[in-house]
2 protein chains.
Amino acid sequence: MRPDMFDELCPSSLSPIRFGDKWAGMVLRVLEHGPRRFSELRVPLHGVTAKVLTQSLRGLERDGLISRTVYAESAPHVEYRLTPLGRSMLVPMAAACAWVEEHWEELLDAREAYENAERLDRAG
Amino acid sequence: MRPDMFDELCPSSLSPIRFGDKWAGMVLRVLEHGPRRFSELRVPLHGVTAKVLTQSLRGLERDGLISRTVYAESAPHVEYRLTPLGRSMLVPMAAACAWVEEHWEELLDAREAYENAERLDRAG
DNA sequence: CTGGATCCAGAAAGATACTG
DNA sequence: CAGTATCTTTCTGGATCCAG
């Protein structure tokens, strides 16, 4: 799990599409590759605090998209994994990601054009 | 344009998927059927205030998803319509809506189960 | 290691009143 | 008709410190 896997696009306030809260979509994409522990999740989502990640995980668990398992053994840890429902959501998510990638330049251009027009307005 | 077209599902805090801000997705779906005026948009989106709708429309315009045209003629009005980019976003939006509809019951059940488990925790 | 508790800043949403 | 201005409330995310 590369620590920089989300550096460029996510969390990007530029994408107009969001799944769950700020981090939920990224969590799902990490878990896509298999179950992960709390501290493993924090690596690619660098910058997220424990509290906020917990919130996000609780929300996903509440919606039945992930499951949480506690292992109280010698090396106690907690494991999160996708449920079938969570896995099924990867489909519309992929469609959304594909759209964003395909139209990324258009989005950037539109914003630039809009802000230029605004500046002209103010200049009168 | 039925005034109640969004009453049931939208704006639903239950859907974990969102396009733009709270009202943006609904605006796009209204404009799907052709250009609409400001006051026409307010009908199906009942409850939205002029300020908030304006904000949402500005955001969509800024992203190049809709265009705004002012008609200063005898009966002055403003018309909003989808751009090709905006229309293209209907595709991933439809995928998201289909997923929500298909899994709506599962989502509700998951929430109920989660809250029941919470209540048992507090009791136990 | 995996969080909970508390406090805080900024964004988002809404109520209300007013304007070209 | 189509907004703007102002104010208030609510929500979100984060910082910091603490605990089983």
Side-chain angles (χ1 to χ4, degrees), chain A residues 6 10-27 30-31 35-43 45-63 66-81 118 121-122 124, chain B residues 1 6 10-27 30-31 35-63 66-81 118 121-122 124:
Chain A
F6 292 122
C10 312
S12 173
S13 56
L14 286 160
S15 165
I17 310 177
R18 276 204 7 202
F19 289 74
D21 63 26
K22 180 172 175 180
W23 304 96
M26 284 175 277
V27 169
V30 172
L31 294 182
R36 291 286 184 277
R37 299 163 53 165
F38 186 82
S39 41
E40 286 178 310
L41 286 171
R42 294 194 67 181
V43 176
L45 280 47
H46 66 246
V48 72
T49 63
K51 177 200 142 187
V52 172
L53 178 56
T54 299
Q55 270 178 191
S56 193
L57 291 168
R58 289 291 182 281
L60 290 166
E61 199 192 348
R62 179 179 128 105
D63 283 350
I66 65 174
S67 66
R68 175 177 180 271
T69 314
V70 179
Y71 296 93
E73 299 141 28
S74 59
H77 64 280
V78 179
E79 206 172 78
Y80 295 91
R81 70 177 67 222
E118 260 188 338
D121 272 1
R122 280 197 296 273
Chain B
M1 192 78 13
F6 291 122
C10 313
S12 173
S13 56
L14 286 160
S15 165
I17 311 177
R18 271 197 21 191
F19 288 74
D21 63 26
K22 179 172 175 181
W23 304 95
M26 284 175 277
V27 169
V30 173
L31 294 182
R36 291 288 185 274
R37 300 162 54 165
F38 187 83
S39 41
E40 286 179 308
L41 287 171
R42 295 193 65 180
V43 176
L45 280 50
H46 66 248
V48 73
T49 62
K51 178 198 139 187
V52 172
L53 178 56
T54 299
Q55 270 178 190
S56 192
L57 291 168
R58 290 289 184 282
L60 290 166
E61 199 192 347
R62 179 179 128 105
D63 283 350
I66 65 174
S67 66
R68 175 177 180 271
T69 312
V70 179
Y71 295 93
E73 299 142 28
S74 58
H77 64 279
V78 179
E79 205 173 78
Y80 295 91
R81 72 177 64 222
E118 260 189 337
D121 271 1
R122 280 196 298 272

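A, B, ... follow the sequence lines: proteins, then strands. Residue 1 opens every chain.
- Residues V48(B) and R42(B) share a closest heavy-atom pair of O-NH2, 3.1 Å.
- Across all their heavy atoms, V30(A) and L45(A) have their closest contact at CG2-CD1, 4.1 Å.
- Using cut-offs of 30° and 60° on the angle between ring planes, the pair H77(A) and Y71(A) is parallel.
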Using the 3.5 Å cut-off, write out each protein N or O paired with an N or O of nucleotides 2-4 of chain C and the distance between them.
from	atom 1	to	atom 2	distance (Å)
dT2(C)	OP2	S39(A)	N	3.0
dT2(C)	OP2	S39(A)	OG	2.5
dG3(C)	OP1	R58(A)	NH2	3.3
dG3(C)	OP1	R68(A)	NE	3.3
dG3(C)	OP1	R68(A)	NH2	2.6
dG3(C)	OP2	Y80(A)	OH	2.5
dG4(C)	OP1	R58(A)	NH2	3.2

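- Residue R18(A) contributes atom CZ, which lies 11 Å from atom C1' of dA11(C) at whole-angstrom precision.
- Whole-Å rounding puts the E61(B) CD to dG3(D) P distance at 9 Å.
- If you take CG of L53(B) and P of dA13(C), they are 12 Å apart, rounded to a whole angstrom.
- In this structure, CG of D21(A) is placed 21 Å from P of dT10(D), rounded to the nearest angstrom.
- Atom NZ of K22(A) and atom P of dT12(D) are 14 Å apart (whole Å).
- Atom C1' of nucleotide dA2(D) and atom CD of Q55(B) are separated by 15 Å, given to the nearest angstrom.
- Among the candidates V78(A), V52(A), L41(A), the single residue satisfying the side-chain contact (heavy atoms from CB on, under 4.5 Å) test with L57(A) is L41(A).
- Residues S56(B) and A24(B) approach most closely at OG-N, 3.5 Å, considering heavy atoms.
- Straight-line distance from the CZ atom of R36(B) to the C1' atom of dC1(D): 17 Å, rounded to whole Å.
- Minimum interatomic distance between A50(A) and F38(A) (heavy atoms only, all atoms of both residues): O-CZ, 3.8 Å.
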